[in-house]
K.L.:
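Have a look at the structure that comes next, please.
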Amino acid sequence: LMNRLLQEHAKWWNQNRLDAADNLGLTPFEVTVLASIVQAETAMLDEAPMVAGLYLNRLNRGMALQADPTLIYALGDPSIRRVLNIHKEVDSPYNTYLHVGLPPGPIRIVDPRYIESVLYPSEHNALYMCAEPGGTGRHRFASSYREHVNNANAYQAWLNKQGVYK
């Protein structure tokens, strides 16, 4: 079984994918870690390259990823629907609010389509994202913190109307 898994891994990580990872300055393992975060962030596959591009923008600038899914993983509570400031204090290498860079490993098993979204991300200037109000599963992206705060305020107001406080 282990030999078969290694063969499939080597087959999937062909030279084109290895080159794409290298062009991003990432190893295949790091691509997989980031893809696990992207997949946990959005179920909308068409949005995944945008999310991947945003996280790559943050990594390239030395910014913390500040990815809610990694924080939820660190807390071990997938029922969390609203990340609070108290959650951001958890002492874990998976807390991407406290630690710059990628966490030490994937936070879920990754669909290969999300790995592709990291290998071939959207190019843009967005550094921030916030869930879109209305429960659409989509995000609003912003290149400025001011724009992000406006998006976050709109989403938080929607959560309040829904009675979601944690």
K.L.:
I need the minimum non-hydrogen distance between L127 and R61, along with the two atoms involved.
P.N.:
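Heavy atoms only, the tightest pair is CD1-NH1, 3.4 Å.
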K.L.:
Can you pull out every side-chain hydrogen bond (donor to acceptor under 3.5 Å, both in side chains) where at least one residue sits in residues 32-54? Sequence neighbours excluded, please.
P.N.:
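Residue pairs passing side-chain hydrogen bond (donor to acceptor under 3.5 Å, both in side chains), neighbours aside: E41-Y55, E41-H139, T42-E47, D46-R138, E47-H139.
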K.L.:
Within this structure, what is the OH-CG distance for the pair Y120 and L24, rounded to the nearest 0.5 Å?
P.N.:
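So the OH of Y120 and the CG of L24 are separated by 9.0 Å.
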K.L.:
Applying ring-ring contact (aromatic ring centres under 6.0 Å, His included), can you list everything that pairs with Y128, at least two apart in sequence or on another chain?
P.N.:
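By the ring-ring contact (aromatic ring centres under 6.0 Å, His included) rule, Y128 matches Y145, H148.
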K.L.:
List in chain and number order the residues that pass side-chain contact (heavy atoms from CB on, under 4.5 Å) with Q7, two or more places apart in sequence or in another chain; answer none if no residue qualifies.
P.N.:
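Counting only residues at least two positions away or on another chain, Q7 forms a side-chain contact (heavy atoms from CB on, under 4.5 Å) with R4.
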K.L.:
A quick test of your reading: do over 12 heavy atoms of other residues, nucleotides or ligands sit less than 6.0 Å from CD1 of I86?
P.N.:
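Not buried by this count: 12 neighbours or fewer within 6.0 Å.
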K.L.:
Please check if the number of heavy atoms outside I109 that lie under 6.0 Å from its CD1 is greater than 12.
P.N.:
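No, the 6.0 Å shell around CD1 holds no more than 12 heavy atoms from other groups.
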K.L.:
Whether the Q15 and D19 side chains hold a donor-acceptor pair (N or O, under 3.5 Å, no angle test) is what I'd like checked.
P.N.:
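Present: a donor and an acceptor within the cut-off.
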K.L.:
Applying the 4.5 Å side-chain criterion to the ILVMFWY set and letting contacts propagate, would Y97 and L54 be lumped into a single cluster?
P.N.:
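No, separate clusters.
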K.L.:
Is atom CG of N153 surrounded by more than 12 heavy atoms (other residues, nucleotides or ligands) closer than 6.0 Å?
P.N.:
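Yes - once you tally the heavy atoms of other residues, nucleotides and ligands closer than 6.0 Å, there are more than 12.
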K.L.:
Assess whether a salt bridge exists between E116 and R113, defined as any Lys/Arg side-chain N lying under 4.0 Å from an Asp/Glu carboxylate O.
P.N.:
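No salt bridge links E116 with R113.
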K.L.:
For N14, I'd like to know if atom CG has over 12 heavy atoms of other residues, nucleotides or ligands within 6.0 Å.
P.N.:
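Result for CG/N14: enclosed.
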K.L.:
Around atom CD of E123, are there more than 12 heavy atoms of other residues, nucleotides or ligands at under 6.0 Å?
P.N.:
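No, CD of E123 has 12 or fewer neighbouring heavy atoms, counting only those of other groups under 6.0 Å.
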K.L.:
How far apart are the closest heavy atoms of N151 and A142, and which atoms are they?
P.N.:
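That closest heavy-atom pairing would be ND2-CB, 4.0 Å.
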